[in-house]
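Working notes, beginning with the structure itself.
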Amino acid sequence: RKEVEQDPGPFNVPEGATVAFNCTYSNSASQSFFWYRQDCRKEPKLLMSVYSSGNEDGRFTAQLNRASQYISLLIRDSKLSDSATYLCVVRNTGGFKTIFGAGTRLFVKA
Amino acid sequence: SAVISQKPSRDICQRGTSLTIQCQVDSQVTMMFWYRQQPGQSLTLIATANQGSEATYESGFVIDKFPISRPNLTFSTLTVSNMSPEDSSIYLCSVEVGGGAADTQYFGPGTRLTVL
């Protein structure tokens, strides 16, 4: 089993749609959680950190469920510019090793 | 934040040759990381480079194949040695900024390597 698993995608959604990505992690000692965004042929960039209480940044909402070892990202009112690969990232204790999920590809269509 | 540059941005190489990738950061950082991202895949950590000590390699990666230098706190190089077509990939340099478990990780633009 992979340490971080994500919805395989791709997700094809129309503009304005709401889309949700899921991610599960296997190490219960994981300490920090993030969503990164990677555009085609570009490097990954931090989208948002994920906090236990859940957090929101504009159209983006991230949730963490430690009991179920589950992370989610919700995108509301999708824009064409949201088309990208979304990487679930988990950082473990003990050396702060960072594990990247395989990513979920999102295509937003006009 | 951190601004990272990498050189070269891309290269096409013959098998059996070696390529050295340079990574420059605009601020001093303790650890620098080298990742590989193969087509359609996520990032795989190759090694962690600390200034003044040997790099720490992840399982499946060895120093003879991927020698790393870290001469100071803003610069590192990764060499891909005796290349084969299986080494065709994007190689990314990365640093963590912030301190502790909540560090933000920044990436360089990557070096796209094709081995013929």
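Order of the sequence lines sets the chain letters (A, B, ...), proteins ahead of strands, with each chain counted from 1.
Annotation: residues 106-116 of chain B contacts chain A through F107(B), G108(B), P109(B), R112(B) [non-hydrogen atoms, separation under 4.5 Å]. Residues of residues 78-87 of chain A lying within less than 4.5 angstrom of chain B, judged on heavy atoms, are L87(A) in numerical order.
A ring-ring contact (aromatic ring centres under 6.0 Å, His included) check over residues 40-80 of chain A, counting only residues at least two apart or in different chains, returns nothing.
Using cut-offs of 30° and 60° on the angle between ring planes, the pair F11(A) and F21(A) is perpendicular.
Interface residue Q105(B): backbone and side-chain heavy atoms are both found under 4.5 Å from chain A. With a 4.5 Å cut-off on non-hydrogen atoms, Y35(B) touches chain A through its side chain but not through its backbone. Of the two parts of E58(B), only the side chain, counted from C-beta on, holds a non-hydrogen atom closer than 4.5 Å to a non-hydrogen atom of chain A. Of the atoms belonging to L43(B), heavy atoms from both backbone and side chain fall under 4.5 Å from chain A. Looking at F33(A), neither its backbone nor its side chain comes within 4.5 Å of chain B, counting heavy atoms on both sides.
Heavy-atom pairs under 4.5 Å with chain B were tallied for G101(A), G103(A), P44(A); the largest tally goes to P44(A). The most heavy-atom pairs under 4.5 Å with chain B, out of R41(A), K45(A), R105(A), Q6(A), come from R41(A).
Shown here for T98(A) and R91(A), the closest heavy-atom pair between the two residues is OG1-NE, 3.0 Å. Here the closest non-hydrogen pair linking Q38(A) and K42(A) is NE2-O, 2.8 Å.
Of the N and O atoms on the side chains of S69(B) and T77(B), at least one donor lies less than 3.5 Å from an acceptor on the other residue.
Looking at D57(A), its side chain never comes within 3.5 Å of a backbone N or O of M48(A) through a donor-acceptor pair. Side chain of N22(A) to backbone of S72(A): no donor-acceptor contact under 3.5 angstrom is found. In terms of modelled atom types and a separation under 3.5 Å, the side chain of T104(A) and the main chain of D7(A) share a donor-acceptor contact.
Between Y57(B) and I68(B) there is a side-chain heavy-atom pair separated by less than 4.5 Å. Side-chain contact between T20(B) and L78(B) is absent, with no heavy-atom pair separated by less than 4.5 Å. Between T44(B) and Q37(B), the closest side-chain pair of non-hydrogen atoms is not below 4.5 Å.
The hydrophobic cluster of L74(A) has no other members, since no ILVMFWY side-chain heavy atom comes under 4.5 Å of it.
A salt bridge does not link E43(A) with R37(A): every distance from a Lys NZ or Arg NE/NH1/NH2 to an Asp or Glu carboxylate oxygen is 4.0 Å or more.
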